[in-house]
Number of protein chains: 2
Amino acid sequence: MSVKIFLVEDDLSFGAVLKSYLEINDFDVTWVNDGQHALSTFKGGAFDICILDVMLPNVDGFTIGREIRDINTQIPILFLTAKTLKEDILTGYGIGADDYITKPFDTDVLIAKLNAIVQRRALTAVPEAEIYAIGKYEFNYQHRTIILDGNKQKLSPKETELLKLLCIHKNDLLPREKALKQIWGDDDYFTTRSMDVFVTKLRKYLREDENIEIRNIHGSGFMLID
Amino acid sequence: MSVKIFLVEDDLSFGAVLKSYLEINDFDVTWVNDGQHALSTFKGGAFDICILDVMLPNVDGFTIGREIRDINTQIPILFLTAKTLKEDILTGYGIGADDYITKPFDTDVLIAKLNAIVQRRALTAVPEAEIYAIGKYEFNYQHRTIILDGNKQKLSPKETELLKLLCIHKNDLLPREKALKQIWGDDDYFTTRSMDVFVTKLRKYLREDENIEIRNIHGSGFMLID
DNA sequence: AAATGAGTTTAACTTTTCATTAACCTCCGA
DNA sequence: TCGGAGGTTAATGAAAAGTTAAACTCATTT
C-alpha cells in the first residue's frame, strides 16, 4: 500500500511535474490547485503527508496548514516556499510544520525527506512476520514454527534457516554450495554432512503432507517440491 | 521542565557558542566534543533531541546517529553539516534524521526547528495512560503495576520496560538484541544474563494465568504468548 | 556517618537446546 | 560394480537459558 500525499500547489505546470515525479517514486498523490477547496478535499481522504505551497492566490498555505493541524495533530506537513524568507520559515515551524522546502529544490532531497518521514513511522510499528506456505503447512520464520492443522512443530535455528532457503527456491534448485555458504559460512566435508542431517530432519517434519518433498539433485543440491 | 538537548560538536569555540545560545533560549544542553565518548554519554542521560555534527575527527556523526537510532527509535535527530553536499543530506535522512542544518545557519531558524519538534512531540505524547491487557492481567505502564482480581503488583523500572516491549510484540518475537539495546543500551554477556533474571521475575508475576506464557526462542529472543 | 532498602548485577549451579561428528547403510552414475 | 554422494540415527559436547542467591549500587533515612 503506497503512501498518500496531499499536495496543494496553484502553479499548474509545476504542480503537474511534481505530481508525476512523486508518482514515479511510488507515492499516491492527490493534487489540489485551488487553495479554497483544499480543506474539503483534505477532509475527504485519508492522507499520510501534506505538501503545501505557501504562495497561493486566494488563501495562503499557512492558513491551510493551520486548519489541517487543527483537524489532525499528527500528520506531517511540508511547506513549499519560493522565497528564502526567514519570516516564512519561522511562520511554518510555528504552525507545526515538519519541514519546509525552498523552491527551486532538489527532488532527490524531497524524496529522501518523504521517505524519512514514512520510515520513522514504520520504525515504531512492529515488523510483520515472514510466513511461507509449504503444502498444507504454514512456516513462520520469526516464530521458528511449522503448523499443520493447529499442530505446532518447533524448529532449531539452522533448521529454520535451511527451510527458509528452500522456500525461497521453492520448486527450484537450491545449490548445496549456496546453502552452505549462507548458513554455515563454510563448505567442507563436515558442514556438508551436517547439512544432510538437517535435510533429514526437515523431511521428517514435513512428511505429513504427501504432496511435498525435499528432493536431492545428485551432486548439485536440493529442491523443495510443492 | 526544560527540553534536554544532546549536542555533539568537536569545534570548541563553535560548540561553546551554540551551547550558550541554546541555553539562552531555555534549552538544557549537554555538549560532548569527543565523538568517541558520545554514545556512553547519551546512554547516561534522558535526552529529548540530538544535534550531531557530521564532521567529527574520529567517528563520524552518521555512525553515532545510527547507533542512537538503534537504541531509541523515537528521539529526533538533527544533523549539522558544513557542506551542502547532497550525499550528506541523503545519508542523514536514510538514517532517520528529523532534519539537517547546513552551516553557517540562522540561529533563529534552528530555534524555530527545535521548538517545532518539541511542540509536535507535546501533541503526540499520549497523555492518557498506556494500559496493556495480558491475559487476565492488566498492565499499567505509567503506574508500573500489574493487576489481577484487584491484586496490585508493583514492578521495578527495568521489569516495566521489559514487559512493555514484550507487550508491544505480543504473540510475536521480541529479539533479545532489541530489548538489550533499548533497555540496557548494551549487549554483552552480563546484560544478557541480567535480562534472563528479569524474564524469570516476570514469569513469576504472571504465573497466575495459565493461558499466558513468556516463551524463549533459543538464540533469538522471547515471545509473550496470550 | 551508619543503616536501610529497593533495584540491579554478578555468580554459581542446573537444565535444555542445539549442532557436530561418527558410524553404518543405501543409492546413483560412470 | 565400484566409489563417491546422500540417508539416517545416535552420541557427544558446547552454548544458551532457567533459577536462586549473594553482592553491589545508590539514594534516603536515622
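In what follows, chains are A, B, ... by sequence order, proteins preceding strands, each numbered from 1.
A donor atom on one side chain and an acceptor atom on the other are found under 3.5 Å apart for A:His143 and B:Asp172.
As rounded to whole Å, 13 Å separates atom C1' of C:dT8 from atom CD1 of B:Ile183. One atom, CE of B:Met195, and another, P of C:dT9, lie 12 Å apart when rounded to the nearest Å. Rounded to an integer number of Å, the gap from CG of B:Asp196 to P of D:dA16 is 11 Å. The nearest whole Å value for the distance from the CZ atom in B:Arg207 to the P atom in D:dG18 is 15 Å. Taking atom CG on B:Leu180 and atom P on C:dT8, their separation rounds to 15 Å, with Å as the unit. Regarding A:Phe222, its CZ atom lies at a distance of 13 Å from the P atom of C:dC28, rounded to whole Å.
No more than 12 heavy atoms of other residues, nucleotides or ligands lie within 6.0 Å of CG in A:Asp26, so this atom counts as exposed by the packing criterion. More than 12 heavy atoms of other shown residues, nucleotides or ligands fall within 6.0 angstrom of atom CG in A:Asp70. Counting non-hydrogen atoms of neighbouring residues, nucleotides and ligands closer than 6.0 angstrom, the CD atom of A:Glu23 exceeds 12 such neighbours.
Taking CD1 of B:Ile131 as the reference point, atom CD1 of B:Ile147 lies at 8.0 Å (rounded to 0.5 Å).
For residues 152-165 of chain B, every residue pair satisfying the salt bridge (Lys or Arg N to Asp or Glu O under 4.0 Å) rule, not counting sequence neighbours, is listed here: B:Glu130-B:Lys164. Screening residues 214-226 of chain B for salt bridge (Lys or Arg N to Asp or Glu O under 4.0 Å) gives B:Lys170-B:Asp226, B:Glu213-B:Arg215 as the qualifying pairs, with residues at least two apart or on separate chains.
The residue B:Arg215 sits apart from the nucleic acid: no heavy atom pair falls under 4.0 Å.
The stretch residues 162-171 of chain A does not touch DNA chain D, since none of its heavy atoms comes less than 4.0 Å from the strand.
Regarding contacts with the backbone of D:dT8, every side-chain N or O of A:Lys204 stays at 4.0 angstrom or more from both OP1 and OP2. Between D:dT8 and A:Arg203, a contact under 4.0 Å exists linking OP1 or OP2 to a side-chain N or O. At the phosphate of D:dT19, OP1 or OP2 sits under 4.0 Å from a side-chain N or O atom of B:Thr200.
For the side chain to side chain contact (heavy atoms under 4.5 Å, CB included) criterion with A:Ile134, the lone passing option out of A:Asn211, A:Leu163, A:Asp209 is A:Leu163. Considering A:Thr192, A:Asp186, A:Asp188 as possible partners of A:Leu180, the one that fulfils the side chain to side chain contact (heavy atoms under 4.5 Å, CB included) test is A:Thr192.
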Protein and nucleotides 16-24 of chain C: nitrogen or oxygen contacts under 3.5 angstrom:
unit_1 : atom_1 : unit_2   : atom_2 : d
C:dC18 : OP1    : A:Arg144 : NH2    : 2.9
C:dA19 : OP1    : A:Lys158 : N      : 2.7
C:dA19 : OP2    : A:Ser156 : OG     : 2.4
C:dA19 : O3'    : A:Lys158 : NZ     : 3.4
C:dT20 : OP2    : A:Trp184 : NE1    : 2.7
C:dT20 : OP2    : A:Ser194 : OG     : 2.9

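Between the side chain of A:Tyr137 and the backbone N or O of A:Glu208 there is at least one donor-acceptor pair closer than 3.5 Å.
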Which atom pairs, donor and acceptor, lie under 3.5 Å between side-chain atoms of residues 195-202 of chain A and protein residues at least two apart or in another chain?
unit_1   : atom_1 : unit_2   : atom_2 : d
A:Asp196 : OD1    : A:Arg176 : NH2    : 2.2
A:Asp196 : OD2    : A:Arg176 : NH2    : 3.0
A:Thr200 : OG1    : A:Asp196 : O      : 3.2

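Comparing the axis of the opening five pairs of the helix from C:dA1-D:dT30 to C:dA30-D:dT1 with that of the closing five pairs yields an angle of 30°, rounded to 10°.
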